[in-house]
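Reviewing the structure listed below.
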Amino acid sequence: MVKIRLKRLGYKKNPTYRVVVIDSRSKREGAPIEELGFYNPKTKEMKLNKESAENWVKKGAQTTETVAYLIKNCDENGALIYNKKETQKLSKKAQAKLEAQKQEEAAAAEAPASEEAPAEAAAE
């Protein structure tokens with residue numbers, strides 16, 4: 001089976017990858033059938049031949065999860081369109097504090113609304 005996967009390059013704790021088409025039985029750094037581009041996860045820099053990658057997928061090549069993500073999120077020139085995540089991961093304490101604050105705001109919003117209702121009924 002032919003796979004499209006990453007081939008690791010770079011020195012210790014500074015990886016860079018090449019996106020390659022390779023036989024699934026060969027080693028990670030084995031000789032590829034074709035090199036499609038490169039990807040640097042630290043700088044989010046990427047150059048990919050998207051057209052060739054899509055042709056290989058049409059021919060039946062399997063992609064890894066990471067390569068599928070890279071192919072999906074690159075533009076026509078092969079550069080990565082990186083969307084930074086908007087949500088923040090909070091600790092359990094911070095989540096509890098945020099939840100308590102939301103409940104207080106909800107209670108404060110309900111209190112004036114309940115006071116205004118009887119005043120309107122008395123005016124009629």
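Below, all heavy atoms of this structure are taken into account, side chains as well, without hydrogens, waters or symmetry copies.
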(request) Keeping to residues at least two apart or across chains, list the salt bridge (charged side-chain N to carboxylate O under 4.0 Å, His left out) pairs with something in residues 49-62. (result) none

(request) Please list, chain by chain and in numerical order, all residues satisfying side-chain hydrogen bond (donor to acceptor under 3.5 Å, both in side chains) with Glu34, sequence neighbours excluded. (result) Ser52, Trp56

(request) Kindly write out the residues that satisfy side chain to side chain contact (heavy atoms under 4.5 Å, CB included) with Pro15, not counting sequence neighbours, or none if the list is empty. (result) Arg8, Tyr17, Pro41, Lys42

(message) Can you list everything that forms a side-chain hydrogen bond (donor to acceptor under 3.5 Å, both in side chains) with Asp23? Sequence neighbours excluded, please.
(response) Arg25

(request) Identify the heavy atoms of Cys74 and Met46 that sit nearest to each other, and give their distance. (result) CB-CE, 3.3 Å

(message) Rounded at 0.5 Å granularity, tell me how far CD1 in Ile81 sits from CG in Asn73.
(response) 7.0 Å

(message) Testing the basics here: between Ser26 and Arg5, what is the closest heavy-atom pair and its distance to 0.1 Å?
(response) O-NH2, 2.9 Å

(message) I need the minimum non-hydrogen distance between Lys7 and Pro32, along with the two atoms involved.
(response) NZ-CD, 4.0 Å

(request) Can you sort out the partners of Phe38 under side chain to side chain contact (heavy atoms under 4.5 Å, CB included), two or more places apart, ordered by chain and number? (result) Glu45, Lys47

Cut-off 3.5 Å, no hydrogens considered: what does the side-chain donor-acceptor table look like for residues 60-70, sequence neighbours left out?
residue: Thr64; atom: OG1; partner: Val67; partner atom: N; Å: 3.4

(message) Surrounding NZ of Lys44 (heavy atoms of other residues, nucleotides or ligands, distance under 6.0 Å), is the total greater than 12?
(response) yes

(request) Check which hydrophobic residues are tied to Ile22 through side-chain heavy-atom contacts below 4.5 Å, counting indirect links as well, and list them. (result) Val20

(request) Check which hydrophobic residues are tied to Leu9 through side-chain heavy-atom contacts below 4.5 Å, counting indirect links as well, and list them. (result) none

(message) Looking at Ala79, is its backbone amide N or carbonyl O close enough to the side chain of Asp75 to form a donor-acceptor pair, meaning the two atoms are under 3.5 Å apart?
(response) yes

(request) For Ala96, enumerate each residue passing the side chain to side chain contact (heavy atoms under 4.5 Å, CB included) test, keeping only those at least two apart in sequence or located in another chain. (result) none

(request) For Gln103, enumerate each residue passing the side chain to side chain contact (heavy atoms under 4.5 Å, CB included) test, keeping only those at least two apart in sequence or located in another chain. (result) Glu99

(request) Hey, could you give me the OG1/CG distance between Thr16 and Leu6, rounded to the nearest 0.5 Å? (result) 10.5 Å

(message) Using the salt bridge (charged side-chain N to carboxylate O under 4.0 Å, His left out) criterion, which residues pair with Glu35? Sequence neighbours excluded.
(response) Arg18

(message) If the condition is side-chain hydrogen bond (donor to acceptor under 3.5 Å, both in side chains), which residues does Asn14 pass it with, not counting sequence neighbours?
(response) Tyr11

